[in-house]
2 protein chains.
Amino acid sequence: MVIGMVFGEGKKTLGEQAYEIIRENILTLRLKPGQTVYESEFSTMLNISRTPVREAVRALHIEQLIDVLPQRGMKIALISERKVEETRFVRESLEVSAICNIVDQWEPAQTKYQDLYRALASNLQSQKQVIQNGDAVQFLQADEAFHRLLLSAIGNATLVSVVSQMRGHLNRVRLLSLQEIPYTEGLVREHEQLLEALQSKDRDRATSILSAHLSRVSEDIQVVKDKYPDYFTD
Amino acid sequence: MVIGMVFGEGKKTLGEQAYEIIRENILTLRLKPGQTVYESEFSTMLNISRTPVREAVRALHIEQLIDVLPQRGMKIALISERKVEETRFVRESLEVSAICNIVDQWEPAQTKYQDLYRALASNLQSQKQVIQNGDAVQFLQADEAFHRLLLSAIGNATLVSVVSQMRGHLNRVRLLSLQEIPYTEGLVREHEQLLEALQSKDRDRATSILSAHLSRVSEDIQVVKDKYPDYFTD
DNA sequence: TATTGTATACTTGTATTCAAGTCAATGTAC
DNA sequence: GTACATTGACTTGAATACAAGTATACAATA
């Protein structure tokens, strides 16, 4: 029923590992929106008892990635256009705040900003590389890394974590739309423009590019919604 | 060890009820920052088994309100100045975005905005009432209600929920500072000014009042940190 | 035939039991 | 006296057992 579930090493609890594995399978659509799943499935699949599975499932329920129907089972949450718009708004607010914060403090002389620039530039190259083989999941990972680099620069771990939680509700739409409308080149160009705006300390340009960049999902959702009506609600 | 733990009625699971009760006890400082607690304590206290207690505790651990020391117990999270500043930033970003959204769409003719105005004005009266008996917890509840009314107006449930999560890390500082520095009148006046700015559609004034209003905690924390050093880390 | 009651095989929710790590007290060798 | 091994009483982590709600198949009944 699900593939790609392998436990890693480390001192994480089984529940934490199960959470990461199941979440990953939801975000990459290996678990289909609307699909019915049971705790016992995950339990046998991961070869652990229901207790840590339940811990993982409750966390995903709080995150609204899983709907629980008491005594009847669980369903992988459908993609909600409303939820996508809500999380998009939150993400845009936070990323715009963050970029303002960076631009205002940007001093080309400081090594930490030179490091940031180099890291972003390097990531841009990876993005271009990844475009070649056209793997949407891989591109999304590079895209996430780019934004994460930016956000991490202001040193606010809570903000990074909130944005990454919001991303959970945007990822599936982005994945579908990348498969349907491959405009990855455009996205990479926007990343480049953002980097330029940062370098020239152009606050207004940076925020407007970022806003437009993050707003694309609102348009894309209409297309994929028609293509995959079963995955959506609202 | 803890008081005020009573189960309510409803169709919530024991785990969800336990979560709310324990969280409330943390935010109101009945459970002291740094205090060691055990699953079995909550279990006997609430007269339920460890399983739903554990569910509640894991959620609070994810929220970073409880630190888990494997095989050794748990500690109520100390107040982290860093975490307070991080959550303050996130909250301010989101509330400012929300207020901009409202001001831009504010049309005095619309009944929904008239309702909002009335609700806010009514809440302001409650705030003034509550000031009289000087109960910090009660005032914080009214304050929370005021901000929640504003946020709810833009119809973004995710944003409301994120802000309320952030509030969890600000509440304890606010509670302590209200007990030490009773400037509640000032806070109420800022609420009034914010409402005026809204009414006159003065976007810049609204955002600057709100920013200043939400930034107070950064100053207050220094005072209470000296008064209650045991409650803090960083 | 249509409907209703019921047994049954599921599910999640909760309680209990077992496993394994931590720490402090205690006893012992040196 | 001091270092060190050992024991035992704790803890959380994980597995299992039990309780209770839900849907479905199906037989009894009008």
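Throughout, a chain's letter reflects where its sequence line sits, starting with A, and its residues are numbered from 1.
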Exercise for the section: Looking only at side-chain atoms of B:Ser40, point me to the closest of D:dG13, C:dT12, D:dT11. Expected result: D:dT11
Handout entry: Residue B:Thr51, side-chain heavy atoms: nucleotide from C:dT16, D:dT16, D:dT12 that is nearest
Key = C:dT16
Problem - Under 3.5 Å donor-acceptor pair, B:Gln71 side-chain atoms to D:dT12 base atoms - result: yes
Exercise for the section: Output yes when at least one side-chain N/O atom of A:Arg58 is less than 4.0 Å from OP1 or OP2 of C:dG13, else no. Expected result: yes
Fill in the blank from the handout: Note: for A:Pro70 and A:Pro52 on DNA chain D, the residue whose nearest nucleotide lies more 5' is A:Pro52
Practice task
Could you label the plane-to-plane angle of the B:Phe146 and B:His191 rings as parallel, tilted or perpendicular, counting under 30° as parallel and over 60° as perpendicular?
Solution key: parallel
Handout entry: Short side-chain N/O contact to C:dT16 OP1/OP2 from B:Arg50, under 4.0 Å
Key = no
Completion exercise
B:Ser49 has its side chain closest, among D:dA14, C:dT11, C:dT16, to C:dT16
Practice task
With axes from five pairs an end, tell me the bend angle of the helix from C:dT1-D:dA30 to C:dC30-D:dG1, nearest 10°.
Solution key: 20°
Exercise for the section: Please determine which of B:Ile181, B:Ile221, B:Leu29, B:Asp220 meets the side-chain contact (heavy atoms from CB on, under 4.5 Å) test together with B:Leu176. Expected result: B:Leu29
Exercise for the section: Ignoring hydrogens and angles, state whether a donor on the side chain of B:Asp226 or B:Gln222 is under 3.5 Å from an acceptor on the partner side chain. Expected result: no
Exercise for the section: Using only heavy-atom distances, determine whether the side chains of B:Asp67 and B:His61 contain a donor-acceptor pair under 3.5 Å. Expected result: no
Please enumerate all protein N or O atoms sitting under 3.5 Å from an N or O of nucleotides 23-25 of chain D, with distances to 0.1 Å.
{"unit_1": "D:dA23", "atom_1": "OP1", "unit_2": "A:Arg72", "atom_2": "NH1", "d": "3.2"}

Practice task
Answer yes when A:Arg88 and A:Glu85 have at least one side-chain N-carboxylate O distance shorter than 4.0 Å, and no when they do not.
Solution key: yes
Practice task
With heavy atoms under 4.0 Å as the rule, sort B:Thr13 into base, sugar-phosphate or nothing.
Solution key: sugar-phosphate
